[in-house]
Enquirer: 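Here it is: the structure, laid out below.
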Amino acid sequence: MPPTPQQRRAARHHQPVPGAGAPSTRGRRAKPITVDAIVDAALDIVAREGYEALTMRRVAAALETGPASLYAHVVNKDDLDELLIGRLCTAIDLPEPDPAAWREQITGICTQMRDLYLRYPGLSRAALAAAPTNEDTLRLSESMLAILLAGGIAPQTAAWGIDSLALYVNAYTLEISLVSRSGNEWVVSREELLDRFSGLPDTFPQTRRYAAELTTGHGHERFDFTIELLLDGLARR
């Protein structure tokens, strides 16, 4: 009986997939089909066109093969998503936990996550619904958990803390990718928002009065504010 998709996923970190790297008779590829080649091609598509453009068929076309050839190495699109998130996680520099610098270390990791997701627009959507299950992804959560624990954060608070931080980074970068997407006619400028808020009826007095505060923020100021806010909350518990 052939291995189940779950067995194949579990075994991938420990032994090569049977037949991986075997040459195909289709096309004239310079390189064999491997898990790394599939991930490279997928990330290139996301970087150029966004996560919404990513399909198994598009990856297969980029590798000059048919979609069926990919399934000897990747179980399905969900499996590919997990591999992509894992690849990004391996690119993050994870420091040795320092009790005296735990806030700076967590902030640094979150900033790296943010910048990687912004390099691949919309990819954080795949991470929102995916629990860390492979070793590459678990490497990141293991490091963040160790840093919070070293900083004196209680285990349950630390566990929920890394979940909250990851959710915010994912949501923040996803919002930017959606706002930046071409053809998004719903995005308005700050000036237009201020104009709309100033024209609200008297039933919205606070929104009218604090329109400037509600719409301000340059670069990643809101991101920095929220990460600090979350860390302040963790430190107080």
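Treat the numbers as computed from the prediction; the structure is a model and nothing was measured.
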Enquirer: What is the distance from atom SG of Cys89 to atom CG of Leu94, rounded to the nearest 0.5 Å?
Expert: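 Taking SG in Cys89 and CG in Leu94, the distance rounds to 8.5 Å.
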
Enquirer: Please test Asp195 against Glu191 for side-chain contact (heavy atoms from CB on, under 4.5 Å), starting from the C-alpha separation and ending with a verdict.
Expert: CA-CA 6 Å; Asp195 185 61; Glu191 290 71 23; over 6 Å; no

Enquirer: Ignoring hydrogens and angles, tell me if any N or O in the side chain of Thr34 forms a donor-acceptor pair with the backbone of Ala37 under 3.5 Å.
Expert: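 Answer holds: yes.
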
Enquirer: If you compare all heavy atoms of Met113 against all heavy atoms of Leu140, which two are closest, and at what distance to 0.1 Å?
Expert: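 Answer, listing the atom of Met113 first, then Leu140: SD-CD2, 3.9 Å.
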
Enquirer: Test Val39 against Val74 for side-chain contact (heavy atoms from CB on, under 4.5 Å), laying out the working first.
Expert: CA-CA 10 Å; Val39 172; Val74 178; over 6 Å; no

Enquirer: Check this for me, if you would: do Asp44 and Arg48 make a salt bridge, where the nitrogen-to-carboxylate-oxygen distance has to be below 4.0 angstrom?
Expert: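 The answer is yes: the pair qualifies as a salt bridge.
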
Enquirer: Taking C-beta and beyond as the side chain, do Pro95 and Ile147 meet within less than 4.5 Å on heavy atoms?
Expert: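 Yes, side chains in contact.
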
Enquirer: Measuring from atom CD1 of Ile153 to atom CG of Leu234, what distance do you get when rounded to the nearest 0.5 angstrom?
Expert: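 So the gap between those two atoms works out to 5.5 Å.
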
Enquirer: Tell me whether the centres of the aromatic rings in Phe204 and Phe197 are closer together than 6.0 Å.
Expert: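 Centroid distance Phe204-Phe197: not below 6.0 Å, so no.
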
Enquirer: Rounded to the nearest 0.5 Å, what's the gap from OG on Ser143 to CD1 on Ile162? Could you check?
Expert: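 If we round to the nearest 0.5 Å, Ser143:OG and Ile162:CD1 are 9.5 Å apart.
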
Enquirer: For Ser69 and Thr65, indicate whether the former's side chain and the latter's backbone hold a donor-acceptor pair under 3.5 Å.
Expert: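 Flag not set: sc Ser69 to bb Thr65 has no pair under 3.5 Å.
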
Enquirer: Do Arg222 and Tyr172 form a cation-pi contact, if we require the NZ or CZ to be under 6.0 Å from the six-membered ring centre and within 45 degrees of the ring's axis?
Expert: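 The answer is no, since Arg222 fails at least one limit relative to Tyr172.
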
Enquirer: Carefully, step by step, assess Thr215 and Arg190 under the rule side-chain hydrogen bond (donor to acceptor under 3.5 Å, both in side chains).
Expert: CA-CA 6 Å; Thr215 58; Arg190 180 174 186 246; 3.0 Å; yes

Enquirer: Does Glu49 have more than 12 heavy atoms from other residues, nucleotides or ligands lying within 6.0 Å of its CD?
Expert: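 Enclosed: over 12 neighbouring heavy atoms sit under 6.0 Å from CD of Glu49.
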
Enquirer: The test is side-chain contact (heavy atoms from CB on, under 4.5 Å); show your working for Tyr120 and Leu84 and say whether it passes.
Expert: CA-CA 10 Å; Tyr120 300 99; Leu84 297 180; over 6 Å; no

Enquirer: Salt-bridged, Lys77 to Asp81, with N to O below 4.0 Å?
Expert: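 Result for this pair is yes, salt bridge flagged.
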
Enquirer: When you measure from the side chain of Thr216 to the backbone of Glu213, do you find a donor-acceptor pair of N or O atoms at a distance under 3.5 Å?
Expert: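 Here the side-chain-to-backbone pair does not exist.
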
Enquirer: Do Leu194 and Leu214 belong together in a cluster built from hydrophobic side chains that touch within less than 4.5 Å?
Expert: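 Not linked; separate clusters.
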
Enquirer: Does the side-chain contact (heavy atoms from CB on, under 4.5 Å) test come out yes or no for Leu138 and Asn134, once each step is laid out?
Expert: CA-CA 6 Å; Leu138 284 170; Asn134 69 32; 6.0 Å; no

Enquirer: Tell me, do Trp102 and Leu231 make a side-chain contact under 4.5 Å, heavy atoms counted?
Expert: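 SC-SC contact between Trp102 and Leu231 confirmed.
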
Enquirer: So how far is it from Arg57 CZ to Leu70 CG, rounded to the nearest 0.5 Å?
Expert: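 Going from the CZ atom of Arg57 to the CG atom of Leu70 covers 10.5 Å.
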
Enquirer: Would you indicate whether Gln156, at its atom CD, is surrounded by more than 12 heavy atoms from other residues, nucleotides or ligands within a distance under 6.0 Å?
Expert: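 Counting other residues, nucleotides and ligands, CD of Gln156 exceeds 12 neighbours.
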
Enquirer: Any chance you could measure Trp160, atom CH2, to Leu167, atom CG, to the nearest 0.5 Å?
Expert: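 The CH2 atom of Trp160 sits 13.5 Å away from the CG atom of Leu167.
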
Enquirer: Could you please spell out the steps behind the salt bridge (charged side-chain N to carboxylate O under 4.0 Å, His left out) verdict for Arg139 and Glu135?
Expert: CA-CA 6 Å; Arg139 168 180 171 269; Glu135 293 181 4; over 6 Å; no

Enquirer: For Arg103, is there an ion pair with Asp232 - N to carboxylate O distance below 4.0 angstrom?
Expert: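 Result for this pair is yes, salt bridge flagged.
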
Enquirer: Under the 3.5 angstrom rule, does the side chain of Glu228 hit a backbone N or O of Thr107 as a donor-acceptor pair?
Expert: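 Checking the backbone N and O of Thr107 against the side chain of Glu228, no donor-acceptor pair under 3.5 Å is found.
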
Enquirer: Indicate yes or no for a side-chain donor-acceptor contact from Arg208 to the backbone of Leu200 under 3.5 Å, with no hydrogens or angles considered.
Expert: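 Here the side-chain-to-backbone pair exists.
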
Enquirer: How many angstroms lie between OG in Ser177 and CD in Glu52, if you round to the nearest 0.5 Å?
Expert: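 Rounded to the nearest 0.5 Å, the OG-CD separation comes to 8.0 Å.
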
